[in-house]
Amino acid sequence: MTAPEVRIPRALAAPAPGWTTSADVIVVGSGIAGLTCALRLRERVDRVLLVTKTVLDEGSTAWAQGGIAAALHPEDSPEEHLEDTLVAGVGLCERDAVEALVTEGPKRVRELVALGAEFDRDAEGEIKLTREGGHHRDRIAHAGGDATGREISRALISALHRVIDDPGIEVVEHALVVDLLQDGADDDGFGDDGRVGEDGSGEGAPVVGVTLHVIGEGQLDGVGAAYARAVVLATGGLGQIYTSTTNPPVATGDGMAAALRAGARMTDLEFIQFHPTVLFLGEGSTGQQPLISEAVRGEGAFLVDAAGHRIMEGRHELADLAPRDVVARAILETMREQRTDHVFLDARHLGAAFLEERFPSIVASCRSLGFDPATDLLPVAPAQHYASGGITTDLMGRSSLPGLYACGECSCTGVHGANRLASNSLLEGLVFASRIASDIPARIAAGELPEIAVPTTPAHAGGEGAGPGALLDSSQRLTVQRAMTSGSGPVRSAESTASTARDLAELASLPPSTAEPGPKTWETTNLLHLGQALTELGRRREETRGGHVRSDFPERDDARWLVRQSVVVAPDRSLTVTERSMP
């Protein structure tokens with residue numbers, strides 16, 4: 001079964017911008033990556049504009065239960081953290097990026113503490129550390145038991161509020177990024193001197209800002225254009241591309257999709273992490289699902305089938321603490337063999353008192369849904385959790401487009417490879433946001449990021465470059481999600497990915513006149529475009545590795561597939577896929 005050719009429009013169909021604003025740097029997103037970057041940049045450039053899709057604390061960071069990984073214990077080392085990360089990434093991690101992560105990580109975590117983040121402490125007053133899947137040491141710092149992300153988010157937002165009256169930083173909430181603005185771009189989105197070659201090399205037109213849709217009062221209302229010397233995308237993941245996810249409703253891949261349309265290189269999109277233990281709420285339950293943190297297994301809980309047999313025994317040396325892809329695959333195999341839609345997590349032996357102290361949020365969530373971890377087996381099944389791929393960046397967060405940076409889940413630094421090691425995500429956002437905040441001021445000082453001349457009339461990114469597929473009505477969102485889940489979800493095949501590609505192509509060919517421009521429609525179209533690119537890379541990779549599982553190619557194939565795949569939207573709007581061999 002052949003897959004149809006994919007063509008991605010240059011931009012979303014949108015009203016012409018009605019207002020303009022400018023800053024030295026625009027940071028999009030208010031998770032750990034965006035907040036860290038904005039706070040650090042404020043100290044080094046004249047004006048930072050921080051925009052966030054809803055309100056400051058509704059991103060994915062606040063939902064992180066497990067913690068943040070760093071070699072903080074005297075008996076641990078960055079070298080051991082490096083090795084665990086490389087093993088989890090199944091041969092596709094960029095070693096220099098992982099080295100930056102693990103060596104700078106401890107310092108960045110201590111800076112968070114100095115900023116006001118309150119991690120859980122032991123009797124001696126030291127940061128209490130626990131273990132999660134894939135780690136051979138206790139190196140996970142947590143806060144509030146299982147509310148680490150919320151505490152980190154609180155500390156960063158508090159730091160932001162302390163400087164909120166500073167004219168050097170402006171925060172705009174309820175601002176959805178529609179598309180990137182590029183200097184000298186043709187209708188196809190590429191400048192005459194910056195086209196992408198057949199091998200994916202070269203650069204598109206420089207990024208000089210973004211178009212935003214703001215729900216607000218006064219001038220910043222509706223669609224406008226914001227200009228800057230540099231744009232930092234920290235827009236999070238794409239979890240809403242599937243029917244079930246642990247991601248919040250805002251995770252619709254807006255930054256990734258805008259970068260894709262603008263011609264930025266994207267890497268490792270096929271590697272989607274499905275968290276093994278998500279509370280199963282019954283057939284038909286969709287949207288954000290309750291996560292049962294890996295830290296519960298780190299404290300001694302284990303997976304069983306309906307007969308009480310331990311699922312992970314004999315499958316991996318770390319048993320229930322094996323890397324997430326190993327555990328998720330074991331659960332999926334058990335479900336398939338036993339013809340069931342879930343397995344069980346047994347935490348009963350840990351006792352009510354311990355569970356309530358260590359995991360207060362999880363216990364409260366489970367009990368509100370009719371399950372008690374202290375007395376009941378918890379029904380669980382894998383659900384989408386994290387995108388290991390995204391906008392390709394170097395060690396300083398620079399993308400393939402001049403002026404465009406990315407950090408956090410929307411980026412692809414190469415740290416995660418084919419499968420993210422537990423609790424490395426918060427650390428990645430912290431480390432690489434700090435690197436970006438050092439790189440941009442240095443480049444401004446060197447004249448590499450010149451001032452942007454703000455036009456009297458805003459550029460219109462959603463003009464002639466929009467074209468077919470530039471708008472898919474929000475009523476089709478569940479159709480996109482079902483197609484992605486069935487064909488490009490936790491288990492894939494040549495037949496399933498071709499079927500998904502065909503379904504998405506049919507949606508892309510619908511007349512845009514049936515859709516009204518607006519946030520929900522733009523979000524749905526973003527999911528469509530990312531789904532098309534992800535499905536193409538999943539179709540091409542004929543092996544099973546990390547978060548990419550092929551039923552027709554169940555084994556890892558280092559002879560052919562020890563490569564990273566990247567995709568670029570070419571000038572004719574087709575997808576150009578390239579491969580880079582790993583050592």
Side-chain angles (χ1 to χ4, degrees), residues 66 69 83-94 98 131-136 237-239 242 244-247 267-278 291-298 302-303 311-336 343 345 380-390 409 412 414-425 428 485 488-493 497 534 537-538 541-558 561-565 582:
E83 184 60 28
D84 285 344
T85 301
L86 294 177
V87 169
V90 205
L92 297 189
C93 296
E94 295 290 346
V98 181
R131 193 174 305 195
E132 292 183 3
H135 292 271
H136 285 78
L238 43 67
Y242 295 101
S244 296
T245 178
T246 63
N247 290 191
T267 301
D268 295 341
L269 287 178
E270 70 268 38
F271 295 116
I272 299 293
Q273 188 174 86
F274 290 82
H275 198 288
T277 52
V278 177
L291 173 67
I292 308 297
S293 170
E294 197 160 41
V296 180
R297 280 178 284 132
F302 50 83
L303 291 157
I311 288 172
M312 292 306 300
E313 276 192 349
R315 290 183 184 262
H316 192 277
E317 63 169 355
L318 294 175
D320 289 86
L321 285 179
R324 287 177 180 172
D325 64 312
V326 177
V327 180
R329 204 171 306 148
I331 293 173
L332 291 168
E333 289 174 4
T334 301
M335 288 164 52
R336 184 171 63 252
V343 295
L345 183 67
V380 294
Q384 193 281 342
H385 183 57
Y386 191 85
S388 293
E409 190 173 354
C412 184
V415 157
H416 306 307
N419 176 51
R420 174 176 67 87
L421 181 65
S423 290
N424 267 357
S425 53
E428 182 195 32
T485 302
S488 295
V491 181
R492 305 160 182 173
S493 68
T497 52
L534 189 162
L537 297 188
R541 183 175 285 277
E542 296 179 333
E543 67 155 357
T544 290
R545 183 186 299 267
H548 173 69
V549 179
R550 286 284 295 258
S551 60
D552 49 351
F553 294 95
E555 303 299 325
R556 168 179 161 183
D557 181 5
D558 284 352
W561 284 107
L562 197 61
V563 299
R564 298 179 69 202
Q565 294 189 114
M582 300 298 289

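Applying the ring pair (Phe, Tyr, Trp, His ring centres under 6.0 Å) criterion to His548, with sequence neighbours excluded, gives no partner residue. With sequence neighbours excluded, the residues satisfying side chain to side chain contact (heavy atoms under 4.5 Å, CB included) with Arg336 are Glu333. The side-chain hydrogen bond (donor to acceptor under 3.5 Å, both in side chains) check on Ser388 picks up nothing, with sequence neighbours excluded.
The closest side-chain heavy-atom distance from Glu543 to Glu555 is not below 4.5 Å. Within the 4.5 Å cutoff, the side chain of Arg329 has no heavy atoms near those of the Pro490 side chain. At a threshold of 4.5 Å between non-hydrogen side-chain atoms, the residues Val549 and Arg492 do not count as touching. Side chains of Asn424 and His416 form a contact here, defined as non-hydrogen atoms less than 4.5 Å apart. Taking 4.5 Å as the limit, some side-chain heavy atom of Arg297 sits within range of a side-chain heavy atom of Leu345.
Of the inter-residue distances, the one linking Ser488 atom OG with Ile272 atom CD1 reads 9.5 Å to the nearest 0.5 angstrom. Going from atom CZ of Arg420 over to atom CD of Glu409 covers 7.5 Å, rounded to the nearest 0.5 Å. In this structure, CG in Leu332 is found 11.0 Å from CG in Asp325, a value given to the nearest 0.5 Å.
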Check your understanding: Going through the distances and angles, do Gln565 and Asp268 end up as a side chain to side chain contact (heavy atoms under 4.5 Å, CB included)?
Key -> CA-CA 6 Å; Gln565 294 189 114; Asp268 295 341; 5.8 Å; no
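Between Glu294 and Arg324 a salt bridge is recorded (basic side-chain N to carboxylate O distance below 4.0 Å). Using a cutoff of 4.0 Å between basic side-chain nitrogens and carboxylate oxygens, Arg545 and Asp558 are scored as salt-bridged.
Checking side-chain atoms of Thr544 against main-chain N and O of Arg556 turns up no donor-acceptor pair under 3.5 Å. Of the possible donor and acceptor atoms, one in the side chain of Asn247 sits under 3.5 Å from a partner among the backbone N and O of His385. A donor-acceptor pair under 3.5 Å links the side-chain atoms of His135 to the main chain of Ala422, judged by distance alone. Distance alone, capped at 3.5 Å, places no donor-acceptor pair between the Thr267 side chain and the Cys412 backbone. A side-chain donor-acceptor contact under 3.5 Å links Arg541 to the backbone of Trp561.
Looking at Thr334, Asp320, Ile331 one by one, the single match for side-chain contact (heavy atoms from CB on, under 4.5 Å) with Met312 turns out to be Asp320.
A side-chain donor from one of Asp84 and His136 sits under 3.5 Å from a side-chain acceptor of the other.
Here the two rings, on His275 and Tyr386, have centers that are 6.0 Å apart or farther.
Shortest non-hydrogen contact noted between Leu238 and Gln384 is CD1-NE2, 4.3 Å.
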